[in-house]
Amino acid sequence: VEQSWVDTNRACDEFMAELRAEQPEQRGQSMVLRYEDFLRDPAGATRGVCEALLGVEWVEGMANPYETSAIQSFEAAESKSTTDQKLLKRKAIEPRQAEKWREVQL
């Protein structure tokens, strides 16, 4: 599973880099959001996506969906194989998890 995640993300990074190089006028239509940045500052990260990329109003609940009715969508996805089961065990976004992915051995 981890190798698949790495391969998928690498392919996305390469695709977006090529797209930005070929179509510089499209740069405002994409952004890089690092996992670590999101975990350390969920409010800043979600605000940036809303305001800079999507042009929609940011709502405070976006910074912690565990405190909103959005958690119901996590629970509804529990039976799907693509859902990270750990997502359902957490009660909040945990900044201390930001660097944990670096410990994974492929």
Side-chain angles (χ1 to χ4, degrees):
V1 172
E2 286 83 1
Q3 186 63 55
S4 175
W5 184 89
V6 168
D7 294 343
T8 300
N9 279 276
R10 189 170 289 137
C12 288
D13 284 344
E14 290 169 4
F15 172 78
M16 292 306 297
E18 288 175 21
L19 186 65
R20 284 191 287 277
E22 293 171 6
Q23 301 176 11
E25 71 280 1
Q26 302 292 326
R27 287 192 183 157
Q29 296 182 8
S30 69
M31 69 183 298
V32 173
L33 175 59
R34 293 180 50 234
Y35 175 73
E36 300 90 331
D37 297 338
F38 172 73
L39 289 184
R40 289 189 188 112
D41 182 14
T46 54
R47 185 183 301 272
V49 169
C50 289
E51 294 174 356
L53 184 63
L54 302 176
V56 299
E57 180 182 356
W58 179 80
V59 178
E60 190 172 339
M62 293 175 178
N64 192 353
Y66 292 95
E67 295 177 358
T68 70
S69 61
I71 191 68
Q72 294 167 355
S73 66
F74 299 163
E75 292 165 350
E78 185 172 12
S79 63
K80 295 185 174 43
S81 62
T82 56
T83 301
D84 183 349
Q85 297 301 312
K86 292 182 225 169
L87 180 70
L88 303 172
K89 295 177 184 173
R90 301 197 190 287
K91 301 295 180 211
I93 294 172
E94 299 176 13
R96 63 188 170 87
Q97 296 292 325
E99 300 295 329
K100 192 119 178 140
W101 68 271
R102 295 181 192 275
E103 300 169 11
V104 174
Q105 298 293 315
L106 300 178

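Side chain of Asp37 to backbone of Leu33: no donor-acceptor contact under 3.5 angstrom is found.
With sequence neighbours excluded, no residue satisfies side-chain hydrogen bond (donor to acceptor under 3.5 Å, both in side chains) with Arg47. Evaluation of the salt bridge (charged side-chain N to carboxylate O under 4.0 Å, His left out) rule for Asp7 yields no partner, not counting sequence neighbours. Annotation: side-chain hydrogen bond (donor to acceptor under 3.5 Å, both in side chains) contacts of Arg10 (sequence neighbours excluded): none. Judged as a salt bridge (charged side-chain N to carboxylate O under 4.0 Å, His left out), and not counting sequence neighbours, the contacts of Glu94 are Arg90, Arg96.
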Per-pair distances, 0.1 Å, donor-acceptor, side chain in residues 38-46, under 3.5 Å, sequence neighbours excluded:
unit_1 : atom_1 : unit_2 : atom_2 : d
Arg40  : NH2    : Glu99  : OE2    : 2.4
Asp41  : OD1    : Gly44  : N      : 3.0
Thr46  : OG1    : Pro42  : O      : 2.7
Thr46  : OG1    : Ala43  : O      : 3.3
Thr46  : OG1    : Trp58  : NE1    : 2.8

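Hydrophobic clustering, defined by side-chain heavy atoms of Ile, Leu, Val, Met, Phe, Trp and Tyr closer than 4.5 Å, groups Leu19 together with Phe15, Met16.
Minimum heavy-atom separation, Cys50 to Met62: SG-SD, 3.4 Å.
Between Glu36 and the options Lys100, Gln97, Arg102, a side chain to side chain donor-acceptor pair (under 3.5 Å) holds for only Arg102.
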